[in-house]
Engineer: 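Below you'll find the structure I mean.
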Amino acid sequence: MSEERKSLNFLEQIIEEDLANGMPKENLRFRFPPEPNGYLHIGHTKAIGISFGLGEKYNAPVNLRFDDTNPAKEEQEYVDAIKEDVSWLGYKWDKELFSSDYFQQLYDWAVYFIKEGKAYIDSQSSEAMAEQKGTPTQPGVDGPFRNRSVEENLDLFERMKAGEFNEGEHILRAKIDMQHVNMLMRDPIMYRILKKHHHRTANDWCIYPMYDWTHGESDYLEQVSHSLCSLEFKPHRELYDWFLDQVVTEDKLRPKQREFARLNLSYTIMSKRKLLKLVEDGVVNGWDDPRMPTISGLRRRGYTPTAIRKFVETVGVAKRENVIDVSLLEFCIREDLNKTAPRVMAVLDPIKVVITNYPEDKEEWFEAENNQEDDAAGFRKVPFSREIYIEKEDFKEEASNKFFRLKLGGEVRLKNAYIIKAESVLKDANGNITEVHCTYCDGTERRVKGTLHWVSMKHAVKAEVREYDRLFLDESPDSHQDKDFMEFINPDSLKLVEAFVEPSLQDAEVGQRFQFQRLGYFNVDNDSSSDKLVFNKTVGLRDSWAKVKPQPAANTNANTNKQKPQQQSQRKAIDVIQKLGKKYTNLPEEKRLKVRTEILELAKDVTYDEVEPLFNTAVKKVGTRIAVALILKVLVENGQTKNDDVNSFIEKALEDKNELLVEEAKTFN
RNA sequence: UGGCCCAUGGUGUAACUGGCAACACGUCUGUUUUUGGUGCAGAAGAGUCUAGGUUCGAGCCCUAGUGGGCCAACCA
């Protein structure tokens, strides 16, 4: 059996290596450590997918640990939202934990640090300390309190804890090295005074530990084996290890921090601070606005956990900065919904069609397939009558053959119903078409080029449809040093539409997803009620017609196509030869000879000017040099004189270590 | 005037040193189709940032350069 070798990402390789080096599989444990100061977004999904994914892969526990060391920013609301999002994605955490659970242990360790001379109280202003700290290129200097006695430090620290001081008066610093190249090692702060109410510990504490001091020790307490975080924490690793060094004992597992590149999505922002600003400024209607890249926003928009997980999986894990194209996200949701969403008919921008030879009072209920991709989906009934709506865009008085929708004198199939032919139009005073008059004929078996969706006017249900466009007009709105991301906000990111939907949708429930045939995927919004249906457009269907049809105005934004122009049908001989030459020396002899004759043949179409720049080809690129030699041979045979440049190229070739090249060079003599 | 990290088609990720650098998205053809969707078949697009070196052989190893990112919050 040939075992399909699935390549491992670098984190999996690290784990495999640890396992190979004797780490028991039972020791594997991960954690996802969000700070409850905002909602989770699609970027977090990557981190979640990595740690929880590893947990699933190795059948190892994953803790959900809230990193709640800053009472000024953190709230219970966020804790709840984060839990909901993680479980909605389908992940199960082992333990729900909080860094604040470890406040006492952290405090005890800090006291131990002081006693060991590894930490001290600094009582300067933050400005003074910042100055002493130096810069990335300049070392820091020791501050005046660096060598306080253990007794004094202990006393001060205790009184900090007791609330005797105001915020900013004293802090506890680790005593490491003010000259260290890594600024994080220049006596980092372990504790600060914060007289704030904490969402879990209330007013028990007025000193709070800093991230660096808390994180590694929390990992250690939980016995997390691999603590995975994003790249910007790389410099913190040294500190993480230093803090661990002070407390680790032989008998316990020592956690390991490793870093991966965070996820960036084109046309969106991923900073919690900036997302919060969109919420606060009312650019969007809350964290779960369907335009937001938050998990709750995507959920409301109609995304599925399956699609999001697939997306994160497809995106991969590595260490280089990346910007993923939103089209990949859209592909993932379409792929999932195509298989699962019931098809239904809705008209968003209606024009009235009257089928003149259909009786006024007649109605028929046709059988319609719910989802041809899913045999179990079954059928439903849709009503048909004399007057229907079709999409305004689906009718033109005149159009080319490329337009295979409805035009005067033309036929089109109504999905699940009859074939109709447009006979005439009615217009208002301004010349706008108000009605299209058609005739139908009964046979439905004939082949007709176009098929339209429609809704019977009499039976249509009104619904509000919310169509979304990207929130930002720039591909990476938050990476311009000279411009604020707010400048790129798309003013038309939300479009409200009064639509008509088929009656089967009357009882659609919040969250249900549908495909409005030929339009896209839509779900029922939270705001929806039986009185007023509200749909969100999750994503449109791929639309190859949109690319062909004459563009009305702007709004081609779906495809800002920056692809390089396609190559000419005929590639230049020199280019083909260069490509062949590249691998020349690696080919098996038989194949090489074949390529050689091919090159000689192609060389007839190469001019001297084209080869000349290749005379300086790097020594290393033997294949290319051989190709050049072959071209020259053809050129010389055809009368090219051997000038100095040619000769020196040949001489150099003769001295080469590669026999193949030398052989070719020899034929010139 | 530093340290660390990174560099493969348009985008993202692969590649056990050894067939023509693969896969996905995107792009383009053709085809099927009662969705201009889906499916199916196919194509174009990369000299693996540059220059040296090691090696019979380098995208992979070494050195230097270039480019990008991160590092000076009592944030995480």
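In this text, all values refer to a predicted model and were calculated from it rather than measured experimentally. Each chain gets a letter, A, B and so on, in the order the sequences are listed, and its residues count up from 1.
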Engineer: Could you work out the separation of B:rC28 and B:rC60 based on their P atoms and round it to a whole Å?
Structural biologist: 34 Å
Engineer: Ignoring backbone atoms, establish whether A:K547 has a side-chain N or O less than 4.0 Å from OP1 or OP2 of B:rU27.
Structural biologist: yes
Engineer: Is it the case that atom NZ in A:K421 sees more than 12 heavy atoms from other parts of the structure closer than 6.0 Å?
Structural biologist: no
Engineer: Does anything in residues 325-340 of chain A come within less than 4.0 Å of RNA chain B? Heavy atoms only, and list the residues if so.
Structural biologist: A:D325, A:S327, A:L328, A:F331, A:N338
Engineer: Base, sugar-phosphate, or nothing for A:K310, non-hydrogen atoms under 4.0 angstrom?
Structural biologist: nothing
Engineer: With heavy atoms under 4.0 Å as the rule, sort A:V448 into base, sugar-phosphate or nothing.
Structural biologist: nothing
Engineer: Under 3.5 Å, is there any donor-acceptor pair linking the side chain of A:Q372 to the base of B:rU33?
Structural biologist: no
Engineer: Classify the angle between the aromatic ring planes of A:F66 and A:F98 as parallel (below 30°), tilted (30 to 60°) or perpendicular (above 60°).
Structural biologist: parallel
Engineer: Establish, for the pair A:K415 and A:W454, whether the NZ or CZ atom is under 6.0 angstrom from the six-membered ring centre and no further than 45 degrees off its axis.
Structural biologist: no
Engineer: Rounding to an integer number of Å, can you tell me how far A:N370 CG sits from B:rU34 C1'?
Structural biologist: 15 Å
Engineer: Considering only residues two or more places apart or on different chains, which pairs with a residue in residues 310-322 of chain A satisfy salt bridge (charged side-chain N to carboxylate O under 4.0 Å, His left out)?
Structural biologist: A:K310-A:E335
Engineer: Which word best sums up how the rings of A:Y440 and A:Y418 line up, parallel for under 30°, tilted for 30 to 60°, or perpendicular for over 60°?
Structural biologist: tilted
Engineer: Any protein N or O atoms within reach of nucleotides 60-63 of chain B? Criterion: under 3.5 Å, listing atom names and distances.
Structural biologist:
none

Engineer: Quick one: label A:Q138 by what it contacts on the DNA or RNA (base, sugar-phosphate, nothing), any heavy atom closer than 4.0 Å.
Structural biologist: nothing
Engineer: Before accepting this row, confirm whether a basic side-chain N of the pair A:E232/A:R262 lies closer than 4.0 Å to the acidic partner's carboxylate O.
Structural biologist: yes
Engineer: Under the criterion side-chain hydrogen bond (donor to acceptor under 3.5 Å, both in side chains), I'd like the reasoning laid out for A:Q517 against A:Q515: C-alpha separation, chi angles, the key distance, then a yes or no.
Structural biologist: CA-CA 6 Å; A:Q517 283 197 100; A:Q515 184 196 94; 5.8 Å; no
Engineer: Consider the side chain of A:E373, meaning its heavy atoms from C-beta on, and name the nucleotide among B:rA15, B:rG37, B:rC5 that approaches it most closely.
Structural biologist: B:rG37
Engineer: Just how far, in rounded Å, is P of B:rU38 from CD of A:Q517?
Structural biologist: 14 Å
Engineer: Of the options B:rG2, B:rU35, B:rA7, whose atoms approach the side-chain atoms of A:R320 most closely?
Structural biologist: B:rA7
Engineer: Looking for any heavy atom pair under 4.0 Å, which part of the strands does A:R343 touch: base, sugar-phosphate only, or nothing?
Structural biologist: base
Engineer: Any side-chain N or O of A:R542 less than 4.0 Å from the OP1 or OP2 oxygen of B:rU38?
Structural biologist: yes
Engineer: Searching all strands shown, indicate the nucleotide that pairs with B:rA51 (Watson-Crick or G-U wobble; both distances under 3.5 Å).
Structural biologist: B:rU63
Engineer: Measure CZ/A:F10 against C1'/B:rC6 and give the value in whole Å, please.
Structural biologist: 11 Å
Engineer: Along nucleotides 64-76 of chain B, 5' to 3', which nucleotides get a B, which get an S, and which get a -, given that the test is a protein heavy-atom distance under 4.0 Å?
Structural biologist: -----S-BB-BSB
Engineer: Under 3.5 Å for both donor-acceptor distances, Watson-Crick or wobble: does B:rG42 have a partner, and if so which one?
Structural biologist: B:rC28
Engineer: Figure out the CD/C1' separation between A:Q179 and B:rG3, and round it to whole Å.
Structural biologist: 15 Å
Engineer: Which base sits across from B:rC23 as a Watson-Crick or G-U pair, both distances under 3.5 Å?
Structural biologist: B:rG12
Engineer: Answer with yes or no after comparing the ring centroid distance for A:Y240 and A:H236 against a 6.0 Å cut-off, counting only values under it.
Structural biologist: no
Engineer: Could you work out, with side chain to side chain donor-acceptor pair (under 3.5 Å) as the rule, every residue matching A:S479, not counting sequence neighbours?
Structural biologist: A:S476
Engineer: Please tabulate the protein-to-nucleotide N/O contacts below 3.5 Å involving nucleotides 29-32 of chain B, giving atom names and distances.
Structural biologist:
none

Engineer: Who does B:rG2 pair with, Watson-Crick or G-U, both distances under 3.5 Å?
Structural biologist: B:rC71
Engineer: Just how far, in rounded Å, is C1' of B:rA24 from CZ of A:F311?
Structural biologist: 12 Å
Engineer: Which atom pair, heavy atoms only, marks the closest approach of A:D67 to A:E35?
Structural biologist: O-CG, 3.4 Å
